[in-house]
Each structure stands twice: as structure tokens, then as C-alpha cells.
**Student:** 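This is the structure I have questions about; it appears just below.
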Amino acid sequence: MRPSLMRSASQVLRRRRGYSSTSGQPERKRRAAMRPSLMRSASQVLRRRRGYSSTSGQPERKVAILGAAGGIGQPLSLLMKLNPLVSSLSLYDIAGTPGVAADVSHINAPAQVKGFMGDDQLGEALEGSDIVIIPAGVPRKPGMTRDDLFNINAGIVKNLCTAIAKYCPNALVNMISNPVNSTVPIAAEVFKKAGTYDEKKLFGVTTLDVVRAKTFYAGKANVPVTDVNVPVVGGHAGITILPLFSQATPATNALSDEDIKALTKRTQDGGTEVVEAKAGKGSATLSMAYAGAVFANACLKGLNGVPDVVECSFVQSTVTELPFFASKVKLGKNGVEEVLGLGQLSDFEKEGLENLKGELKASIEKGIKFANA
């Protein structure tokens, strides 16, 4: 019986010495083994407190859309709801937003959606935003140029940017409201007056020009559209839009000089093409919403520290003598990390660059004058 007595004695001694009677491990070792899980729990709490999602490890990001009930705003709200980098989606407009927010909120994607309506709720909609996207304003109609939109949309943008300066001065601002060549300078002047201007955080969204250039180039060159990249520089209206097809990838020898001229013209007139096709019943809302979502996603990646995020955008620039200019921009944790140069241009593109400067300069000055009136 000695073996069994020895086992019993051993068990008593092990318990007294702090050993588990079942596992053979000292209790202090068991407690130590529990520490990683406790540390994980504590880490999750800290990550939440520091603004991180406890499930994905991604920083929590709030995106506000101003003009969310409009033709661009509604599909843009849908697309941003589907973006896994968005944790809070704030939808604002002067009317109709509760319905849009309710509709979008039913989609089984992580972002929490709230709708805000009217001037008295604008501050709450903006507070804590990392990115503010502005598609607010009236759409183009047949025969209407972007300059025709100016008097209405300029006032809307000025008021919204005044609120941004007050409630979320550190947010990245993605300007979609046309004419972008003027509304971006208006925003800059408003922020300067408020003492909140940071040129790294103000963007004119010209992504639709890039989207069109890619699509049209792929169709003509007979290459897969998903593989195509085409930088588009200058501005965001008519001849100020300059696609650099000489830098398009994948490169092709299949396009003649006339083809390039035709592709450039079609890219510049893409908005008019849609307005006319809709016969007075709308403008390029769906493709613009897509382009806005693409650019916002790039901004979110940059904020989250993803390296080498590059998109074209209309920003404060020294690439030319003009104070604002669209070119490739490297995005980072503070917005603009680097404004990239134009690269080597073809003779046709050099001519286009010189031709656009006068009109773009006038549009920029018009916005600055309006903001300071």
C-alpha cells in the first residue's frame, strides 16, 4: 500500500506548495499562464479607448457626408457604409436625411449610421470626424456649365466650411461640390480666416476624371480596365482636365495621335456626355459617387498608415505657378504627404498644360474673391 500512501502524501504536499492537484503545474504557473489572456483583454480595452476597433485592430474612423440626401450623396452613403475602414458614418443634409440614414443603416456592414438634418444639427454631425466629404449643392442641368453653378454652390460650400472649422478643424476635407476649381480655394480662405487652415488636409476630388480616363483608354487600347492607370492633372472642368495618356499603363502603341486627342476630349467632356444622355433628369451622380468613395478610401488608408497610397487630387501646390493644381499626391497620416511632379509630358500634353492655365487661374481667383467678399 505504500505506493498509494506515497501518492496521497505527494498530492497533499503539492497542494500545500501551491501546485494544482489536477495538472501537476504550480498554481503560480497557472496564474502566469492566465496573464496573456488578461493582457489581451486589457489591450482590447486600451485599443477601444485609443480609438481602435476591438475586432479588426483598425483605428476607428468617423466619416461625415454633407449633402447625403442628394443624387451623389445617397449612392456615396451606400458605398461608404460598405467600406470596412469606416466605423461611424454621419449623414447630413438640409432635408431627407433621416430616411437615407434609416435605409443605409439596415445594411449588414459594421459602420454605425446616424442621420442629421438642418442647420441646428450640423455641428453634431461633424464633431469627431476624421474625413468630411462634401457633395452638397445643386447638380448640373443641360446647357449649364460649372461656372453657372458657382453662385449657388459657392455659398453652400462657404457655410459648410465655416462649420467644419468650428466643429472638426483637423478633419480631411474632400470637396466634390462643383465648380471644384473654385470651391477648394473658397474652403481654403474660410479655413484661413478661422485660423484652422492646413493645406495638407484639403482636397478637391478629381478622381472621376481619372476613372473616366482609365475606362476610355482601356476600351480604345483593348486592355483590361482593372490593370489601367492614367494620371490626370490640372483642374476639374473642361480644358483644365488634362489626362496624361503618355504615362498610361499598360503602355500601348495601338493609339494614334488622333486617338489620344479624341480620348482627351472625351475625358474633358465626360460630365456633359452624361448630362445630355440623362436628358435634363440628372448629372453624373453614380460615377461621381463611386469616384468619391475611391478617393475617401485612399484617404482612410493614408490615415491608417498604409504606405505608398497615391491618388490624383486638386490641392495647394507648387508644381506650377498656380496656387492650386491637380496632380498625383501621396497620402499619409496627416493627409498630403507629398505632392508629386508632372513627370515627362508629350508635346500635346505640354500644349494642353499651357492652354489650361488661364482658365484655371481665373477660377481659382473667382473662388478667393467670393470667400473674401
Side-chain angles (χ1 to χ4, degrees), residues 47 50-53 56-66 76-77 79-90 109-111 126-135 161 164-165 168-177 180 183-184 187-188 191 196-211 214 226 229-233 236 247 249 288-319 324-343:
R47 289 172 77 87
R50 291 171 180 169
Y52 285 80
S53 164
S56 68
Q58 294 285 353
E60 291 186 353
R61 297 296 183 192
K62 177 179 177 178
V63 174
I65 299 176
L66 309 184
L76 179 58
S77 298
L79 293 170
M80 295 313 297
K81 167 65 170 171
L82 296 174
N83 189 313
L85 302 181
V86 178
S87 52
S88 176
L89 184 61
S90 179
L126 289 171
E127 283 179 342
S129 295
D130 295 289
I131 297 177
V132 179
I133 312 173
I134 310 179
C161 288
I164 291 168
C168 56
N170 296 317
L172 304 189
V173 177
N174 293 3
M175 185 68 69
I176 292 175
S177 301
V180 165
T183 54
V184 169
F191 296 149
T196 64
Y197 182 55
D198 183 346
E199 69 272 16
K200 295 180 179 180
K201 296 185 176 182
L202 176 60
F203 303 89
V205 180
T206 60
T207 313
L208 181 53
D209 302 325
V210 177
V211 167
K214 289 178 178 180
T226 53
N229 194 21
V230 182
V232 181
V233 303
H236 185 56
Q247 298 178 21
T249 55
M288 183 63 249
Y290 167 75
V294 167
F295 187 74
N297 184 61
C299 287
L300 287 164
K301 286 181 177 179
L303 286 175
N304 291 353
V306 176
D308 301 321
V309 179
V310 176
E311 291 287 342
C312 292
S313 182
F314 186 66
V315 296
Q316 182 172 311
S317 173
T318 58
V319 167
F324 294 91
F325 198 83
S327 65
K328 289 194 289 186
V329 174
K330 188 175 181 181
L331 301 169
K333 292 184 177 180
N334 296 307
V336 175
E337 196 167 280
E338 184 181 2
V339 179
L340 304 177
L342 300 180

**Student:** My understanding is that only residues two or more places apart in sequence, or in another chain, count here; which of them pass side-chain contact (heavy atoms from CB on, under 4.5 Å) with Thr196?
**Tutor:**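 With sequence neighbours excluded, Thr196 shows a side-chain contact (heavy atoms from CB on, under 4.5 Å) to Ala165, Pro169, Phe191, Ala194, given in chain and number order.
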
**Student:** Using side-chain contact (heavy atoms from CB on, under 4.5 Å) as the criterion, list what pairs up with Val210, not counting sequence neighbours.
**Tutor:** Lys214, Val232, Cys312

**Student:** With side-chain contact (heavy atoms from CB on, under 4.5 Å) as the criterion, how do Leu342 and Ser327 come out once you've worked through the C-alpha distance, each side chain's angles and the decisive distance to 0.1 Å?
**Tutor:** CA-CA 7 Å; Leu342 300 180; Ser327 65; 4.2 Å; yes

**Student:** Taking all heavy atoms of Gly341 and all of Val319, pick out the closest pair and write down the distance.
**Tutor:**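 Answer, listing the atom of Gly341 first, then Val319: CA-CG2, 4.4 Å.
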
**Student:** What's the spacing between Cys299 SG and Asn304 CG if we round to 0.5 Å?
**Tutor:**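 The distance works out to 11.0 Å.
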
**Student:** Taking only residues two or more places apart in sequence, or in another chain, which ones meet Ala293 in a side-chain contact (heavy atoms from CB on, under 4.5 Å)?
**Tutor:**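 side-chain contact (heavy atoms from CB on, under 4.5 Å) list for Ala293, sorted by chain: Leu76, Leu79, Met80.
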
**Student:** Determine the minimum heavy-atom distance between Ser177 and Thr183, stating which atoms define it.
**Tutor:**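 Minimum heavy-atom separation between Ser177 and Thr183: O-OG1, 2.8 Å.
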
**Student:** With rounding to the nearest 0.5 Å, note down the distance linking CD1 in Ile176 to CG in Leu208.
**Tutor:**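 Answer for the CD1-CG pair, Ile176 versus Leu208, is 9.5 Å.
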
**Student:** Do Val180 and Val205 have side chains that approach each other closer than 4.5 Å (heavy atoms only, starting at C-beta)?
**Tutor:** no

**Student:** For the side chain of Lys62 and the backbone of Glu127, is there at least one donor-acceptor N/O pair under 3.5 Å apart?
**Tutor:** yes

**Student:** Given 3.5 Å as the limit, does a donor-acceptor pair link the side chain of Ser313 with the main chain of Gly204, or not?
**Tutor:** yes

**Student:** Distance check, rounded to the nearest 0.5 Å: Lys328 atom NZ versus Asn229 atom CG?
**Tutor:**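 It comes to 7.0 Å.
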
**Student:** What pairs with Asn174 under side chain to side chain donor-acceptor pair (under 3.5 Å), at least two apart in sequence or on another chain?
**Tutor:**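 Residues passing side chain to side chain donor-acceptor pair (under 3.5 Å) with Asn174: none at all.
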
**Student:** Please report the shortest heavy-atom distance between Cys161 and Met175, naming the atom on each side.
**Tutor:** SG-CE, 4.1 Å

**Student:** Quick one: side chain to side chain donor-acceptor pair (under 3.5 Å) partners of Gln316, sequence neighbours excluded?
**Tutor:**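 Side chain to side chain donor-acceptor pair (under 3.5 Å) check on Gln316 returns Tyr197.
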
**Student:** Sequence neighbours left out, what passes salt bridge (Lys or Arg N to Asp or Glu O under 4.0 Å) with Glu311? Give chain and number order.
**Tutor:** none

**Student:** Could you tell me if the side chain of Arg61 sits less than 4.5 Å from the side chain of Ile131, heavy atoms only?
**Tutor:**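 They are not in side-chain contact.
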
**Student:** Just verifying a value: how many Å separate Ile134 CD1 and Leu66 CG, rounded to the nearest 0.5 Å?
**Tutor:**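 Nearest 0.5 Å value for the CD1-CG distance: 5.5 Å.
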
**Student:** Answer whether the closest heavy-atom distance between the side chains of Lys81 and Val86 falls below 4.5 Å.
**Tutor:** no

